[in-house]
Amino acid sequence: MKLRTILGLLLCTVAFSTAQAAPGKSHHESWVPPGLDEWKDVPSQSWHNRAGGKQPIQLGPRPFWLVENMDESPLKERLQSCTTRHLKRSNFSIGHRGAPLQFPEHTLESYVAAAQMGAGIVECDVAFTKDRKLVCRHAQNDLHTTTNIVAVPELNAKCTQPFVPADPASGTPAKAECRTSDITLAEFKSLKGKMDAYNPMATTPEEYLAGTADWRTDLYASRGTLMTHKESIELFKALGVKFTPELKSPVVDMPFEGDYSQQDYARQMIQDYIDAGVEPGNVWPQSFNLEDVLFWVNEVPRFGRQAVFLDQSAPTSKNTSLAYMESLKAQGVNILAPALWKMLTLDSYGEIVPSEYAENARTAGLDLIAWTVERSGPLENGGGWYYQTVTDAINNDGDIFHVIDVLAGEVGVIGIFSDWPATTTFYANCMGLAGGPSKASR
């Protein structure tokens, strides 16, 4: 596994370095991952054959382990009989922050892993630095848990809340808050990504960086290459995957420093795709802020057609109603993406079925995307937050395929975010969903 991962990373480098040698290529097409400059003279054809969608998809053992863990059912039999000889990449399989079940999220390594597992679309959550450059981070204020910043004294000192050790005697936990907007792009790029975790009772910065959940791993965290948004675009192009950037909600007051507005931020993110020559049909821009989505719908309609409204609001009679869904559609929203539990419920027999929310959204003509599978750890105790409406129907890890099957075949989602895209890629190939979103054939 280690050798394949290293090879994949080295191959990634070739795509960017060969662009450097091509006449007429712009600067953003000549980017080379830090530390791998020696690969810039490798012939481009070698790279494109391997990374440009032609390298065989590698599922690994997990999807098959999950199938064997399933209760006996026709779905289990179908998945057991599924041939995986000629796997295809699928837009149904969306890499959530890459493949963060085992790789540091939003890093070169995590993105390459997601592509190797057959994700057709990969996510870069977009935040901005102090010098207003766009970078891939899940939140503007997560550097203290997703990078080594607190262990870098000169950068820790610039944090909104520099690291303060815990006081074990009083039980007072450690404190830290480090934002992308606290540091420049150059400073950001000097950091190393890590698994998203921390030790609340740490008394040293090094202890604070620990805390990875026992159902994840630090096995692949020795290398975590941080990326700018523009770099992620070039990487995804070379890997042959499509794009779903999420404009993150700022934790600073906007306009930032008085003259960088939310619209400037939203416009800058889309401009990066325009500058890179990416077709709008290959981009699904996302935001939890409806105003961002409507801004794209109205200002850049070619990108706005596939803008995704991420819905995290608590369900009410109003925001689950058909009238509400129709109002979204009337404003130009075409894709709605709630947490998967909002689209599911249990019927009188205790079976998982589509919720009223999901049925009304589909009736209104909205496409649906679900988030996030493979993020909850073992499912033997019901799956936690992501499965809260169907907890009573879940008692083993194999039930993840039952949930995916209902989302695909009955709710009719066009894609599912996963922290381990091999799982959704396997399902998509077995159910005839490889190559693009469509309803599952059950």
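The structure displayed is predicted, hence computed values, not measured ones.
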One pair to check against side-chain contact (heavy atoms from CB on, under 4.5 Å): Arg62 and Trp65. What are the steps and the verdict? CA-CA 5 Å; Arg62 182 165 176 77; Trp65 181 85; 3.9 Å; yes
Would a 4.5 Å heavy-atom cut-off, applied to side chains only, mark Phe128 and Pro250 as touching? yes
Distance-only, no hydrogens or angles: does the Ser376 side chain make a donor-acceptor pair with backbone N or O of Gly383 under 3.5 Å? yes
Quick one: does any side-chain atom of Asp397 pair with a main-chain N or O of Leu379 as donor and acceptor, under 3.5 Å? yes
Does some side-chain heavy atom of Leu66 sit less than 4.5 Å from a side-chain heavy atom of Glu374? yes
Arg216/Asp419 salt bridge by N-O under 4.0 Å criterion: yes
Between atom CG of Leu407 and atom CD1 of Ile369, what is the distance when rounded to the nearest 0.5 Å? 12.0 Å
Given side-chain contact (heavy atoms from CB on, under 4.5 Å), test Leu226 with His106 step by step and report yes or no. CA-CA 7 Å; Leu226 301 193; His106 292 308; over 6 Å; no
For Ile57 and Lys88, the nearest pair of non-hydrogen atoms, with its separation, is CD1-C, 3.3 Å
Below 4.0 angstrom, N of the basic side chain to O of the carboxylate: do Asp71 and Lys76 qualify? no
Between OG of Ser73 and CZ of Phe401, what distance do you get to the nearest 0.5 Å? 11.5 Å
Carboxylate-amine/guanidinium proximity below 4.0 Å for Arg137 and Glu105: no
Is it the case that the side chain of Asp367 and the backbone of Ile335 share a donor-acceptor pair, with hydrogens and angles ignored and the cut-off at 3.5 Å? no
Looking at Ala358, is its backbone amide N or carbonyl O close enough to the side chain of Lys342 to form a donor-acceptor pair, meaning the two atoms are under 3.5 Å apart? no
Residue pair Asp196 / Thr145, side-chain donor-acceptor N/O under 3.5 Å: yes
Backbone of Ala266 reached by a side-chain donor or acceptor of Trp296 within 3.5 Å: yes
Check whether any side-chain heavy atom of Tyr427 sits under 4.5 Å from a side-chain heavy atom of Leu433, and report yes or no. yes
Do Arg97 and Asp125 have side-chain heavy atoms sitting under 4.5 Å apart? yes
If you compare all heavy atoms of Thr424 against all heavy atoms of Phe92, which two are closest, and at what distance to 0.1 Å? O-CD2, 4.1 Å
More than 12 heavy atoms from other groups under 6.0 Å of OH on Tyr198: no
Taking atom CE of Met227 and atom CD of Glu109, what is their separation to the nearest 0.5 Å? 9.0 Å
Does the pair Gln286 and Thr244 meet the rule for a side-chain hydrogen bond (donor to acceptor under 3.5 Å, both in side chains), with working shown? CA-CA 7 Å; Gln286 318 166 70; Thr244 186; 2.9 Å; yes
Run the side-chain contact (heavy atoms from CB on, under 4.5 Å) check on Tyr387 and Ile400 step by step: do they pass? CA-CA 10 Å; Tyr387 301 89; Ile400 192 171; 4.0 Å; yes
For Tyr357, the option from Asn319, Asp311, Thr345, Thr320 that meets side-chain hydrogen bond (donor to acceptor under 3.5 Å, both in side chains): Asp311
Do Leu346 and Thr389 have side chains that approach each other closer than 4.5 Å (heavy atoms only, starting at C-beta)? no
Measure from the side-chain N and O atoms of Asn148 to the backbone N and O of Lys192, and report whether any donor-acceptor pair falls under 3.5 Å. yes
Regarding Lys230 and Glu234, does a basic nitrogen lie under 4.0 Å from an acidic carboxylate oxygen? no
Taking Asp142 for the side chain and Thr146 for the main chain, is one N or O donor matched with an acceptor at less than 3.5 Å? no
Least distance between heavy atoms, Ala119 atom then Gly95 atom: CB-N, 3.9 Å
Lys194 side, atom NZ; Thr147 side, atom OG1 - distance, nearest 0.5 Å: 8.0 Å
Can you confirm whether Val406 sits close enough to Leu344 that some side-chain heavy atom of one is under 4.5 Å from a side-chain heavy atom of the other? yes
Could you tell me whether Glu246 and Lys248 make a salt bridge, using a distance below 4.0 angstrom between a side-chain N and a carboxylate O? yes
Answer with yes or no whether the side chains of Asp167 and Thr172 bring together a donor and an acceptor at under 3.5 Å. no
List the steps, then state whether side-chain contact (heavy atoms from CB on, under 4.5 Å) holds for Lys242 with Asn91. CA-CA 8 Å; Lys242 298 176 184 177; Asn91 291 345; 3.3 Å; yes
Min side-chain heavy-atom separation Asp405-Met431 under 4.5 Å: yes
Verify the ring-centre separation between His229 and Phe243: is it less than 6.0 angstrom? no
Is the side chain of Asn69 donor-acceptor paired with the backbone N or O of Gly398 at a distance under 3.5 Å, no angle test? yes
For the CD atom of Glu68 and the CG atom of Asn396, what is their distance to the nearest 0.5 Å? 12.0 Å
Assign the ring pair Phe426 / Phe64 to parallel, tilted or perpendicular, where the plane angle (0 to 90°) is split at 30° and 60°. perpendicular
Check whether the side chains of Gln306 and Asn334 place a donor and an acceptor atom closer than 3.5 Å, and report yes or no. no
Check for a donor-acceptor pair, side chain of Thr203 on one end and backbone N or O of Pro165 on the other, with a separation under 3.5 Å. no
Could you check whether the rings of His138 and His96 sit parallel, tilted or perpendicular, using 30° and 60° as the cut-offs? perpendicular
Looking at Pro173 and Met201, what are the two nearest heavy atoms and their distance? CA-SD, 4.0 Å
Okay, side chain of Arg89, backbone of Ala115: is any donor-acceptor separation there less than 3.5 Å? yes
Atom of Arg179, atom of Val251 and distance for their closest heavy-atom approach: NE-CG2, 3.5 Å
Just to verify, what does Trp385 make a ring-ring contact (aromatic ring centres under 6.0 Å, His included) with, not counting sequence neighbours? Trp341
Under 4.5 Å between any side-chain heavy atoms of Asn395 and Glu380, yes or no? no
Locate the shortest heavy-atom distance separating Tyr111 from Gly98; write the atom from each residue and the value. CD2-CA, 3.8 Å
Please report the interatomic distance NE2(His402) to CG(Leu79), rounded to the nearest 0.5 Å. 12.0 Å
